2 protein chains.
Amino acid sequence: MASVPQSEVDVLIVGAGPAGLMLALWLSRLGVVARIIDKRTAKVFSGQADGFQARTLEILDSFGIGEQVWKEANQMFEVSFWNPNPSGRIQRNSRVPNNVAELSRFTESVLHQGRMEKFFLEGIAASYPHPTSPAHQIKVERMVIPTSLSIDEAKVDDEDAYPLTVTVQHLTEEEATPTQRLSNLSDGLFRSNLTDDDVPQMIEQSSARNDKREEIIKAKYVAGCDGAHSWTRKTLGKDFEMRGEMTDFIWGVLDIVPITDFPDIRNRCMIHSASSGSLMIIPRENKMVRLYIQLTEVSAGGGRIDRSRITQEAIFKAAQKIISPYKLDYHYCDWWTAYQIGQRVGDKFSKLGRVFLAGASPDAVHTHSPKAGQGMNVSMQDTYNLGWKLGLVCKKILRREVLSTYEFERKQIAKELIAFDHKFSRLFSGRPAKDIMDETGVSMEEFSNAFNMSHMVRIATIRAPCEMGRTNHPSQFTSGIGVNYKPSALVSKPAEHRIVKTNLEVEADQNAAHDRAQSTLYLAKNCIPGMRFPSFQVIAHSGAQHWQLHHKMPSDGRFRLVVFSGDISQASRQNLVNDLGSWLSTDLLPKYPSITLSPGSEPHAGTMKFTPDRSPSIIDVLLIHTARRSDIEMLRDLHEVYHPFDPKLGWDYDKVFVDEESYHHGNGRAYEGYGVDPEEGALVIVRPDGYVGLVTSVEKKGWNEVAKWFRGVLRTI
Amino acid sequence: MASVPQSEVDVLIVGAGPAGLMLALWLSRLGVVARIIDKRTAKVFSGQADGFQARTLEILDSFGIGEQVWKEANQMFEVSFWNPNPSGRIQRNSRVPNNVAELSRFTESVLHQGRMEKFFLEGIAASYPHPTSPAHQIKVERMVIPTSLSIDEAKVDDEDAYPLTVTVQHLTEEEATPTQRLSNLSDGLFRSNLTDDDVPQMIEQSSARNDKREEIIKAKYVAGCDGAHSWTRKTLGKDFEMRGEMTDFIWGVLDIVPITDFPDIRNRCMIHSASSGSLMIIPRENKMVRLYIQLTEVSAGGGRIDRSRITQEAIFKAAQKIISPYKLDYHYCDWWTAYQIGQRVGDKFSKLGRVFLAGASPDAVHTHSPKAGQGMNVSMQDTYNLGWKLGLVCKKILRREVLSTYEFERKQIAKELIAFDHKFSRLFSGRPAKDIMDETGVSMEEFSNAFNMSHMVRIATIRAPCEMGRTNHPSQFTSGIGVNYKPSALVSKPAEHRIVKTNLEVEADQNAAHDRAQSTLYLAKNCIPGMRFPSFQVIAHSGAQHWQLHHKMPSDGRFRLVVFSGDISQASRQNLVNDLGSWLSTDLLPKYPSITLSPGSEPHAGTMKFTPDRSPSIIDVLLIHTARRSDIEMLRDLHEVYHPFDPKLGWDYDKVFVDEESYHHGNGRAYEGYGVDPEEGALVIVRPDGYVGLVTSVEKKGWNEVAKWFRGVLRTI
């Protein structure tokens with residue numbers, strides 16, 4: 001075996017599902033040398049996950065691929081609740097909004113995972129728009145399976161070392177095709193948690209071949225995004241086993257173009273039948289509808305069930321029974337599957353700060369039932385959290401110890417998700433009520449309340465986010481906007497926050513520097529450290545175009561310092577903001593490295609025909625003022641830090657914005673939205689993933705907090 | 001030459017610029033057998049046209065490619081006027097909005113023609129999403145030049161004949177490259193009207209080759225979209241010569257990333273200097289700016305001027321002088337050119353109803369100065385008008401005589417454009433004022449008024465469109481929304497409209513059937529026959545999603561009958577609308593053919609994995625009601641014509657809409673927008689290109705007008 005090829009890579013990603021692709025997209029934008037391998041022959045073409053949270057759409061949009069999903073997806077606006085009437089016939093009980101207004105500019109949407117994966121691949125390709133692309137361009141390598149992973153523990157603290165050794169096998173097409181497909185057996189259960197793990201068999205088969213193609217990859221980091229029956233997780237050993245429980249509930253899933261007289265087929269519906277179980281309707285793109293169907297006749301009953309009884313026909317018959325007396329038929333079925341409800345989560349998301357686990361598929365690092373539409377979202381958000389940290393550590397910009405915040409932050413979310421799902425899925429599978437008041441089953445009211453509970457939290461999050469930031473708010477967060485990371489080097493909460501400490505917080509504090517920066521929440525009431533920085537419309541000082549502020553904060557690896565200056569036509573405010581400019585450009589920015597921006601992270605990837613010779617600071621300064629646009633001449637009145645000069649590109653006109661009425665698009669009322677008093681102003685640090693790191697004063701006393709915050713996070717030069 | 005290959009095609013398009021590509025896109029969506037040839041090696045990659053009118057964006061959006069342009073383009077919201085102060089130094093005189101609110105959901109935008117051409121190519125490819133694409137799939141054939149065109153006049157009335165014979169030559173790469181490029185001479189003037197026609201030379205060269213590759217194409221129709229020095233127009237002979245005049249004014253154009261301290265560089269600016277000429281600034285995508293620069297030192301002086309004096313450097317120096325005392329420099333120039341101002345238009349746009357001319361490049365069928373940003377827009381709108389007519393005639397759905405409306409409608413627009421441009425460009429190039437009140441030159445006020453005049457028309461068009469419909473409104477229409485086609489078989493105006501007849505109207509009347517349908521304008525005050533049907537937000541009856549009504553009217557070749565029914569929860573209105581449904585489904589729709597829809601015309605091209613076996617009627621019925629959504633069950637309460645059944649797809653849930661508040665997106669107030677009284681209702685026929693054909697009553701008396709209208713336009717089966 002002397003001729004086994006060997007190569008080095010900063011990051012090896014195992015698995016090219018949504019979690020792996022999100023990570024690859026990040027790393028491609030950051031220009032990191034990475035590879036992504038997947039054991040299958042092709043991306044997913046139908047079925048699997050389909051729900052997009054508002055937060056996920058914001059994230060995709062920050063990479064320039066959100067609009068495509070938004071355009072193609074079915075946006076769900078309304079939920080209907082159906083329940084049996086006293087004579088047992090289902091009837092519409094109520095209709096409620098599916099989303100909360102003003103939570104995000106996006107709302108919950110549905111599109112199949114395969115389209116999403118396509119947009120990821122296009123987004124990765126867009127990171128390399130120039131004809132002279134780098135040799136390390138990231139492309140998904142399919143039909144490649146890892147067979148061994150070893151860690152040289154002596155080297156894990158050496159940042160220039162490649163302490164990980166992964167052996168991979170290149171498969172034949174037949175080997176890479178799931179055995180269920182080859183054997184023509186119940187195709188729909190492929191990738192279901194009712195299906196056995198076929199990876200060991202794949203490894204065994206391919207290793208036995210005489211002409212096997214083996215390769216050794218030395219890596220600084222490995223990310224296991226290998227979803228179903230995660231090989232990476234299993235390889236890491238006993239400490240990484242999942243904990244939790246399975247239920248007896250079995251549910252089927254059908255993606256069909258329905259032919260039905262059921263009146264609410266284009267609404268999201270929760271149907272509890274009198275005696276045939278429950279059904280959830282998710283209207284999808286392209287006339288398709290997804291049905292989640294409780295299979296009351298095939299209970300797991302303690303052990304694993306007979307898979308041969310779970311067929312497309314059996315699932316469809318169950319759906320017909322629940323929806324009766326309405327008729328249900330179909331000509332076209334896009335996909336089907338079935339799964340056993342359970343909630344499990346791993347205790348460890350990383351090993352030695354070198355191997356990381358992500359994702360929510362049946363056996364990754366957290367697993368749960370799919371009906372709340374959380375799995376793919378939380379998986380992608382796992383690696384959205386991991387990607388920039390890994391990338392900026394590889395580029396020697398971020399302190400390596402920040403990597404520990406990945407497990408710290410995402411395990412919290414996984415546990416909240418599991419708790420939410422535990423409650424939600426049991427309510428949904430509970431013994432159905434005969435009528436609304438029947439206390440022997442799950443009453444419509446109880447169920448509807450549970451649904452609304454998650455809404456209530458979302459409403460509360462918006463109406464009184466400052467309050468929310470202080471409390472340990474419930475785990476329901478189906479929009480993804482409710483995520484609130486706990487204090488760490490990356491999240492500065494105010495002092496009183498840490499009086500009641502959870503274990504996780506104590507742990508975080510131990511890791512943290514003693515002089516950690518502290519936030520002053522009231523200065524930007526709706527910018528909560530640990531939560532995502534919201535987006536409101538602002539007006540470009542030059543050109544007068546209206547922008548969602550998020551559109552000026554793309555996922556390009558940069559931290560943002562958002563300066564809320566108030567009315568800079570007042571001499572004192574203008575002096576203050578220019579003094580801040582001097583301080584930034586002489587005392588803060590020169591301490592930290594610059595970053596090469598991927599052309600793909602620009603809004604108009606690839607249309608510029610030359611590569612600008614610029615390496616902007618890792619800290620991007622954005623100014624939002626409240627003076628009248630016509631009262632301020634940007635180049636004359638404002639410090640150059642707010643319009644940096646580049647010898648090839650001239651001044652940058654894209655960093656100063658006004659909170660005022662737009663020409664044809666209303667008034668964003670951004671100060672009101674962010675909760676900033678124009679008389680007082682604020683400074684907000686936003687992390688590269690869009691989460692608030694620090695809220696402090698725009699006056700001198702705040703500058704010190706800013707300096708402290710970055711000191712705890714970035715390496716100096 | 002016995003072996004010259006020969007083939008047949010319904011439509012041959014000469015020229016793959018924006019006009020030719022728009023036509024190819026239409027024909028691809030209609031599944032017509034067509035070819036498109038272009039003499040050059042590749043599409044445009046920089047420079048050329050760059051302005052997009054609101055109407056053009058609506059049209060592109062109707063093909064599913066508008067959002068990409070919208071996203072990448074720079075949207076212009078503000079115009080600054082700069083003029084010399086008493087001491088001769090330029091100063092900002094005023095800032096005004098660049099667009100009129102509520103005219104369209106789009107505003108004027110700038111993106112280079114090359115991106116547009118790319119989106120066209122993608123849009124054409126999207127017409128054939130299925131793996132088993134038809135053999136006649138339209139693809140641009142480059143390096144192909146036509147060398148002869150003959151018309152067999154005996155066959156022009158035979159709809160199955162191919163009366164046109166076109167010989168084409170396949171060029172070598174060297175032949176297809178402009179001589180200016182090969183000879184390394186002033187590259188920027190390639191495609192300028194200051195450059196001589198190189199087509200005769202190309203034909204001569206390629207014909208002289210021993211190994212020349214010749215081909216004969218028999219066609220039913222030929223469309224000459226060959227812009228600069230149109231070969232097609234010249235081939236048609238003396239009758240097709242352009243008429244008009246040239247001026248002495250020479251202007252240069254620079255596309256640069258500017259390095260300047262001029263404060264309004266990201267605004268659209270009109271700068272009149274004291275003694276160095278005028279400059280127009282058009283901020284573009286990707287930090288680029290286009291400068292239109294008057295070259296006062298190189299007047300044409302009656303004859304053609306010495307091209308060697310017009311260099312990139314000379315143009316840049318002129319710009320520096322005008323913008324002084326501000327500094328102007330650049331590192332990157334994307335493109336440059338120069339042109340002589342003139343306005344010319346041809347008298348004939350078609351020959352024998354078989355050969356059609358379109359486009360606005362220097363020598364196509366209308367030509368003018370580029371600064372008003374009209375050329376590419378009017379060119380694309382030429383073929384947007386032609387495409388569906390040609391396509392539906394080829395498919396034997398539309399009466400062949402309707403083809404004459406192409407010249408009738410588009411010549412009117414060309415003449416209006418020329419008149420507008422004549423005034424606008426002379427004002428802009430006029431001798432500059434020393435100060436605002438100086439009457440020896442063009443005063444700022446006069447110029448600004450001219451600019452606002454075009455705005456005023458737009459405002460008037462919206463505020464009192466009914467009034468506008470009655471008057472012969474002025475020709476200024478820089479947004480493209482003001483286009484108002486005169487009465488013809490396709491445009492039914494009310495009787496009083498024809499009392500004062502223009503020559504064109506008399507001509508139109510002569511062509512028209514005697515029993516032409518008549519509109520009743522007051523029923524839908526803002527739906528003017530001859531103008532584009534506007535778009536307002538409505539709510540999908542099923543699913544509650546908000547839609548721009550335009551999104552439910554894609555360019556798929558179908559006519560639309562929009563039923564404004566009022567409140568159908570009232571029994572009398574519900575009966576009326578269902579009686580109308582019966583009449584439509586028994587008396588009207590069965591008379592006319594069905595049409596095969598291209599999967600590419602669906603909003604989510606290519607994601608459906610089977611081709612539905614449906615051929616819907618050429619007339620698409622859309623219902624907009626004002627009842628409360630919850631008071632109407634669509635399948636139960638409404639006639640099936642409003643939710644047609646398909647054995648594979650079930651009922652169509654996408655044809656009934658409500659005018660009410662959306663969940664999170666405001667209230668579209670569509671009835672108010674369209675000017676329809678809910679108590680009265682209306683029927684509106686919208687042509688496949690989105691222009692209003694007829695406005696009539698939803699009561700029985702209106703049905704007869706509808707029947708008459710379609711009788712004059714469609715072939716019966």
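Just so you know, these numbers use all the heavy atoms, side chains as well, and skip hydrogens, waters and symmetry mates. Since the model is a prediction, treat every value here as computed from it, not as a measurement. Residue numbers begin at 1 in each chain, while the letters A, B, ... track the order of the sequences.
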Separation between [atom1] of [X] and [atom2] of [Y], rounded to the nearest 0.5 Å:
X: B:Glu78; Y: A:Arg629; atom1: CD; atom2: CZ; answer: 4.0 Å
X: B:Trp547; Y: A:Gln75; atom1: CH2; atom2: CD; answer: 7.0 Å
X: A:His665; Y: B:Phe77; atom1: NE2; atom2: CZ; answer: 8.0 Å
X: A:Arg266; Y: B:His541; atom1: CZ; atom2: NE2; answer: 14.0 Å
X: B:Gln68; Y: A:Gln68; atom1: CD; atom2: CD; answer: 7.5 Å

Any idea which heavy atoms bring [X] and [Y] closest together, and the distance?
X: B:Ile259; Y: A:Leu649; value: CG1-C, 4.3 Å
X: A:Pro263; Y: B:Glu633; value: CB-OE1, 3.2 Å
X: B:Asn74; Y: A:Gln545; value: OD1-OE1, 4.0 Å
X: A:Asp652; Y: B:Lys287; value: OD1-NZ, 4.0 Å

Practice task
Pick one of side chain, backbone, both or neither for A:Pro258, based on which atoms fall under 4.5 Å of a heavy atom in chain B.
Solution key: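 Backbone only.
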Problem - Region of A:Phe645 in contact with chain B, defined by heavy-atom distances below 4.5 Å - result: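 Side chain of A:Phe645 only, per the 4.5 Å heavy-atom cut-off to chain B.
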Out of [options], which one racks up the most heavy-atom pairs below 4.5 Å with chain A?
options: B:Met634, B:Arg636, B:Arg92; value: B:Arg92
options: B:Asp261, B:Asp329, B:Asp264; value: B:Asp261
options: B:Leu635, B:Thr260, B:Thr107; value: B:Thr260

Exercise for the section: Just give me the residue among A:Ser630, A:Gly543, A:Ser542, A:Gly650 that pairs up with chain B most often, heavy atom to heavy atom, under 4.5 Å. Expected result: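 The answer is A:Gly543.
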Exercise for the section: Kindly say whether A:Gly64 contributes a backbone atom to a donor-acceptor pair with the side chain of B:Lys71 at under 3.5 angstrom? Expected result: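 Yes, the answer is positive, given that a donor and an acceptor are paired below the 3.5 Å cut-off.
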Handout entry: B:Ile265, part contacting chain A, at a heavy-atom distance under 4.5 Å
Key =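 Looking at B:Ile265, just its side chain touches chain A.
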